[in-house]
Each structure stands twice: as C-alpha cells, then as structure tokens.
Amino acid sequence: HDNPEDAMWIRENIGEIAANLAQSTAEFLGVAFRQPQGEQWGIVITRTTPLRLRSEPDLSSAVLAGIPRDTRIPILGTANGWYLTRYNGIEGYVFAEFVRIED
C-alpha cells in the first residue's frame with residue numbers, strides 16, 4: 001500500500017468488507033445471502049391476505065404456504081428484494097416489502 005491510512009482502514013474493516021463482498025456476490029448470482037452471525041427476525045405486515053411463501057425469489061414460482069399477518073419469521077438470507085425464511089418447517093422466499101425487520 002502506498003497510503004498507510006488506507007491500509008489501516010482496510011485492516012480495521014476487513015469483516016465488513018468481506019460481508020459486503022459476499023452479499024454482493026450472492027445478489028449478482030441471484031441466490032440468498034445467509035448472515036453468518038446473529039439471528040434476524042421479521043414480522044409479516046400484509047393487510048388482508050397471508051404472505052405467500054414461495055419456492056424461489058420470483059412471483060411466478062410455486063407457493064409453498066401462506067403466512068398470516070403478524071407472524072414472526074426468521075430472516076435466513078436475502079435475494080433481490082426477497083427474504084429467505086422458514087415457516088412451519090418449510091423454507092422459502094417472501095417478498096421483503098411485506099416484512100418489517102425487528103430491531
């Protein structure tokens with residue numbers, strides 16, 4: 001490195017850099033990115049109908065189940081505006097717009 005400050009910044013942020021590269025690669029490939037540490041949860045916020053759990057992150061993919069409003073679901077990964085989750089033992093994708101992430 002020709003800049004000691006940049007080299008130090010890279011050393012101090014290597015975990016964040018690695019996570020960003022992994023998530024960017026997953027999004028480019030169209031596959032879910034699984035968070036390696038900690039658990040993240042979301043709450044279904046649909047208005048009237050259950051949230052459709054789909055086999056792939058695509059509106060034309062098969063519907064595996066319906067998740068009722070206010071259901072707490074684990075967020076296992078992300079893929080182009082979709083969350084990978086599990087409901088009643090079934091793993092699939094839900095449209096992220098209808099899930100509020102818990103703080």
Side-chain angles (χ1 to χ4, degrees):
H1 302 282
D2 60 350
N3 184 326
E5 290 84 19
D6 287 348
M8 180 168 293
W9 183 89
I10 291 170
R11 279 193 299 277
E12 292 174 352
N13 293 283
I14 199 73
E16 291 85 1
I17 294 168
N20 185 281
L21 287 170
Q23 185 168 8
S24 298
T25 302
E27 287 177 9
F28 175 78
L29 296 173
V31 297
F33 172 71
R34 292 182 180 252
Q35 295 289 344
Q37 71 272 17
E39 288 186 352
Q40 190 173 29
W41 292 84
I43 303 292
V44 173
I45 58 170
T46 53
R47 291 189 180 175
T48 57
T49 60
L51 179 59
R52 292 180 182 106
L53 180 68
R54 296 186 178 270
S55 60
E56 298 293 329
D58 186 292
L59 290 173
S60 63
S61 66
V63 175
L64 305 174
I67 307 173
R69 178 182 171 84
D70 296 327
T71 301
R72 187 172 186 250
I73 56 173
I75 305 302
L76 307 174
T78 61
N80 300 321
W82 295 76
Y83 291 133
L84 176 64
T85 190
R86 186 176 308 106
Y87 176 70
N88 284 344
I90 304 168
E91 197 168 288
Y93 295 87
V94 293
F95 198 55
E97 182 178 320
F98 298 108
V99 177
R100 178 179 41 86
I101 299 299
E102 290 185 333
D103 296 326

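Hydrogens, waters and symmetry mates are skipped; everything else that's a heavy atom, side chains included, is used.
Distance check: W41 CH2 to E102 CD gives 8.5 Å after rounding to the nearest 0.5 Å. Interatomic distance, N80 CG to F95 CZ, rounded to the nearest 0.5 Å: 10.5 Å. The distance from atom CH2 of W82 to atom CD of E56, rounded to the nearest 0.5 Å, is 10.0 Å. Atom CD1 of I67 is separated from atom CZ of R72 by 14.0 Å, given to the nearest 0.5 angstrom. Interatomic distance, CG of L76 versus CG of L84, reported as 5.0 Å (0.5 Å rounding). Note that the CG atom of N88 and the CD1 atom of I73 stand 11.5 Å from one another [nearest 0.5 Å].
For the pair P50 and F98, the minimum side-chain heavy-atom distance is 4.5 Å or more. The shortest side-chain heavy-atom distance between L64 and Y93 does not fall under the 4.5 Å cut-off. Residues Y83 and T78 are in side-chain contact: their nearest non-hydrogen atoms beyond the backbone lie under 4.5 Å apart.
Transitive grouping of hydrophobic side chains (ILVMFWY, heavy atoms separated by less than 4.5 Å) brings Y87 and I101 into a common cluster. No single ILVMFWY cluster, assembled from side-chain heavy atoms under 4.5 Å apart, contains both V31 and L21. Hydrophobic clustering keeps V44 apart from V63 (ILVMFWY residues linked when any side-chain heavy atoms are closer than 4.5 Å, directly or through intermediates). Under the 4.5 Å side-chain heavy-atom criterion for Ile, Leu, Val, Met, Phe, Trp and Tyr, V99 and L59 are members of the same hydrophobic cluster.
Annotation: R54, atom CZ; neighbour count of heavy atoms from other residues, nucleotides and ligands within 6.0 Å is above 12.
When atom types are taken as modelled, the side chain of R69 and the backbone of T46 share a donor-acceptor pair closer than 3.5 angstrom. No donor-acceptor distance shorter than 3.5 angstrom exists from the side chain of T85 to the backbone of I75, with no hydrogens or angles considered.
Taking every heavy atom of both residues into account, E97 and I45 meet most closely at O-CD1, 3.8 Å. The nearest pair of heavy atoms linking L53 to I90 is CD2-O, 3.6 Å. In plain terms, the two heavy atoms of P68 and T71 that are nearest each other are O-OG1, 2.7 Å.
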